[in-house]
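Just so it is clear, the model here is predicted, and its values are computed rather than measured.
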Amino acid sequence: MLTNVLTKSIDDRWRGTLIGTVVVGAFLALGLAAYSEIDISLYTDLPESVRSMMSIPDGADVGALAFGVMYGMIGAMTLAGLALSMGASSIAGEERDGTIGLLMASPRSRTQILVSKVVAMVALITAGAVVLWLAGEIAPGIVGVEMGSTSVFALVLHLWANALLFGFLAVAIGAWTGNRSLASGASAAVMVVSYFAVGLLPMVDAIAGAAKAMPWYYFDGSEPLSNGVSVGHLAVQLGGAAVLAAVAFTGVTRRDLRQATDGMRNLLDRLRQDPRTARLFERLAGRSRVSRVFTKAASENQAVLALTAIVMFAAMGLMMGPMYLSIEDQLGSFSQDLPQELLDFVGGGDLTTPEGWYQVETFGLMAPIAIMVVTVLMGSRALAGEERRRTMGLLLANPISRTRVVLEKFAALVLHGAIVGLAIFAGVVGGSLLAGLDMSIVNIGVISLLVTLLGLMFGALSLAIGAATGNVRHATIGTIATAGGMYLANSLLNVAESLEGWAKFFPFHWYLGHDPLVNGMHWGYAGLFIAFTIPL
């Protein structure tokens with residue numbers, strides 16, 4: 001039996017970290033090979049704002065392009081995602097699983113447990129960064145691509161600090177609230193919004209300076225791949241992580257049973273006990289004592305559902321219409337220089353039209369990620385989570401079959417996925433009406449339905465993996481790796497003209513391949529989603 005919290009935490013997480021970073025390294029090699037077939041001038045001639053969003057430095061070659069996409073976006077989000085998952089689970093995850101009492105009976109305080117968890121997170125993220133650095137040094141030689149004077153080490157160092165920053169953000173939120181879903185959901189939302197803000201804000205001169213307020217700016221704003229380590233930006237990242245660590249330890253100390261008093265309850269506890277806000281916060285937190293499996297599953301995931309739906313409705317739906325209107329002239333001036341291969345990689349679409357703008361900015365990446373945050377989370381926990389918490393026996397002790405448990409869990413998953421899809425639909429319709437873009441409401445409904453079906457398919461996959469393995473982590477990582485692999489494969493196949501025909505075998509082609517915001521529903525592709533979801 002593992003008696004050391006540090007050792008156990010590392011043992012629980014090292015496989016996921018290794019798999020995630022190795023997959024990113026493999027896709028780097030694939031990206032280097034695919035981009036070798038492309039006329040690189042299509043990318044080096046892009047407007048500066050677009051190259052900045054893709055982490056492509058001035059005078060970039062094939063290597064810089066591949067590193068910008070695979071490490072600057074995919075690798076950074078993967079490592080940061082692993083960090084915030086570990087951070088959210090550090091204290092809040094143990095409380096959710098009911099194991100915090102066992103750890104504290106050792107005896108250890110919450111503070112001591114948090115120290116062990118944080119050290120494990122830093123060690124694993126450092127190991128993951130080392131894997132990415134080694135892959136970045138080895139892959140170009142294998143594929144035969146010259147890297148010139150670029151610094152893979154500097155890029156990975158900034159990537160590592162960026163991951164720690166978001167990891168400690170999740171630690172801090174989890175330490176103060178004790179809510180793992182809120183910690184992971186809020187941290188992921190900050191990460192994704194800051195990524196897109198850093199790319200979009202510089203397009204408007206009046207608000208370009210606001211990009212410096214975003215965490216992602218200090219990851220690649222100095223272009224570390226071509227310019228080397230930026231001591232100032234690195235100091236901001238690590239300094240921010242240190243401040244968040246102090247916030248986390250302050251929060252967990254206030255919640256330590258040995259030090260707490262009646263006057264030292266955290267804000268969430270007060271809001272739950274205040275008659276004026278008790279009902280709202282009880283619903284957001286979810287209840288474990290409910291009369292039906294469906295209600296229990298739906299209640300437990302209300303916090304992440306609410307956060308995701310609000311972000312998609314407001315930030316990626318409602319606000320995108322006025323933003324398009326404010327930069328319409330600028331989009332027209334540089335969209336002619338954008339190669340179709342680039343647009344295909346981020347979802348396709350003509351940026352000179354409202355439909356193309358929304359397809360690239362909202363439906364290309366953000367909408368699928370938002371749907372899958374909810375459905376994959378619920379699917380992975382539906383059965384494997386009950387087994388991990390040792391509550392499956394309590395469910396089956398009632399006069400209810402395993403089949404009914406699965407069906408009710410999946411019904412809750414479908415409901416939550418549909419709510420996010422409806423929030424996306426409402427936000428985009430609102431943005432179109434607010435800015436007078438005259439987009440087809442029917443076609444907005446079509447693409448919202450398709451992205452919902454996409455999310456439900458991967459949610460069903462996570463449910464199936466969780467049922468087969470009984471392991472939440474395997475279900476989550478396996479599904480995310482599959483979805484990410486299919487997205488990248490679809491994008492790279494569209495970029496390489498000789499392989500373009502193979503893209504039709506991937507679900508992301510069924511989703512956006514026929515341009516649904518313009519052309520409406522392709523019932524054959526919708527049928528494929530349903531046909532693959534039901535057997536899972």
Side-chain angles (χ1 to χ4, degrees), residues 46-47 49-50 52-54 192-193 195-208 309-371 420-454 491 494 508-522 525-526:
L46 289 172
S49 59
V50 178
S52 175
M53 189 169 182
M54 295 187 65
V192 174
V193 169
Y195 168 77
F196 280 97
V198 168
L200 294 174
L201 291 176
M203 294 183 181
V204 183
D205 292 338
I207 56 174
I310 290 170
V311 168
M312 292 308 299
F313 171 79
M316 301 309 300
L318 202 61
M319 291 174 57
M320 283 294 162
M323 181 176 289
Y324 170 80
L325 203 61
S326 68
I327 62 174
E328 184 177 5
D329 294 338
Q330 293 170 279
L331 287 172
S333 66
F334 72 75
S335 62
Q336 297 178 355
D337 298 326
L338 292 172
Q340 188 59 44
E341 291 87 349
L342 169 60
L343 292 175
D344 288 340
F345 193 86
V346 293
D350 180 2
L351 282 176
T352 62
T353 67
E355 291 82 3
W357 165 259
Y358 267 106
Q359 185 158 317
V360 170
E361 297 298 337
T362 300
F363 290 104
L365 273 176
M366 284 298 296
I369 289 173
I371 292 280
V420 178
L422 183 61
I424 295 170
F425 167 76
V428 176
V429 169
S432 175
L433 294 175
L434 193 63
L437 302 181
D438 197 28
M439 294 170 62
S440 168
I441 295 178
V442 173
N443 288 350
I444 295 172
V446 166
I447 195 171
S448 299
L449 174 60
L450 288 173
V451 74
T452 301
L453 292 175
L454 175 73
S491 301
N494 283 322
F508 286 93
H509 180 79
W510 311 340
Y511 164 45
L512 288 179
H514 64 292
D515 203 1
L517 263 178
V518 175
N519 300 320
M521 178 63 80
H522 189 300
Y525 289 155

Donor-acceptor under 3.5 Å (S448 side chain, I424 main chain)
no
Interatomic distance, M439 atom CE to I447 atom CD1 [nearest 0.5 angstrom]
8.0 Å
If you take all heavy atoms of P322 and G431, which pair is closest and at what distance?
CD-O, 4.3 Å
Does T362 reach the main-chain N or O of G317 with its side chain, forming a donor-acceptor pair under 3.5 Å?
no
Rounded to the nearest 0.5 Å, what separation is found between the CE atom of M316 and the CD1 atom of I369?
9.5 Å
Can you see which heavy atom on V451 is nearest to which on P368, and at what distance?
CG2-N, 3.6 Å
Testing the basics here: between V446 and G520, what is the closest heavy-atom pair and its distance to 0.1 Å?
CG1-C, 3.7 Å
Using the ring of each side chain (for Trp, its six-membered ring), is H514 parallel, tilted or perpendicular to H522, with breaks at 30° and 60°?
perpendicular
Got a donor-acceptor contact below 3.5 angstrom from the Y511 side chain to the F363 backbone?
yes
What closest approach, in Å, do A423 and A309 show between heavy atoms, and which atom pair accounts for it?
CB-O, 3.7 Å
With rounding to the nearest 0.5 Å, note down the distance linking CG in L517 to OG in S440.
8.5 Å
How long is the gap from CG on N443 to CG on N519, to the nearest 0.5 Å?
8.0 Å
Report the distance from atom CE of M320 to atom CG of L437, rounding to the nearest 0.5 Å.
12.5 Å
Atom of T452, atom of G421 and distance for their closest heavy-atom approach:
OG1-CA, 3.4 Å
Nearest 0.5 Å, what's the CG-CD1 distance between L454 and I371?
8.5 Å
Is there a side-chain contact between F425 and I441, using heavy atoms and a 4.5 Å cut-off?
yes
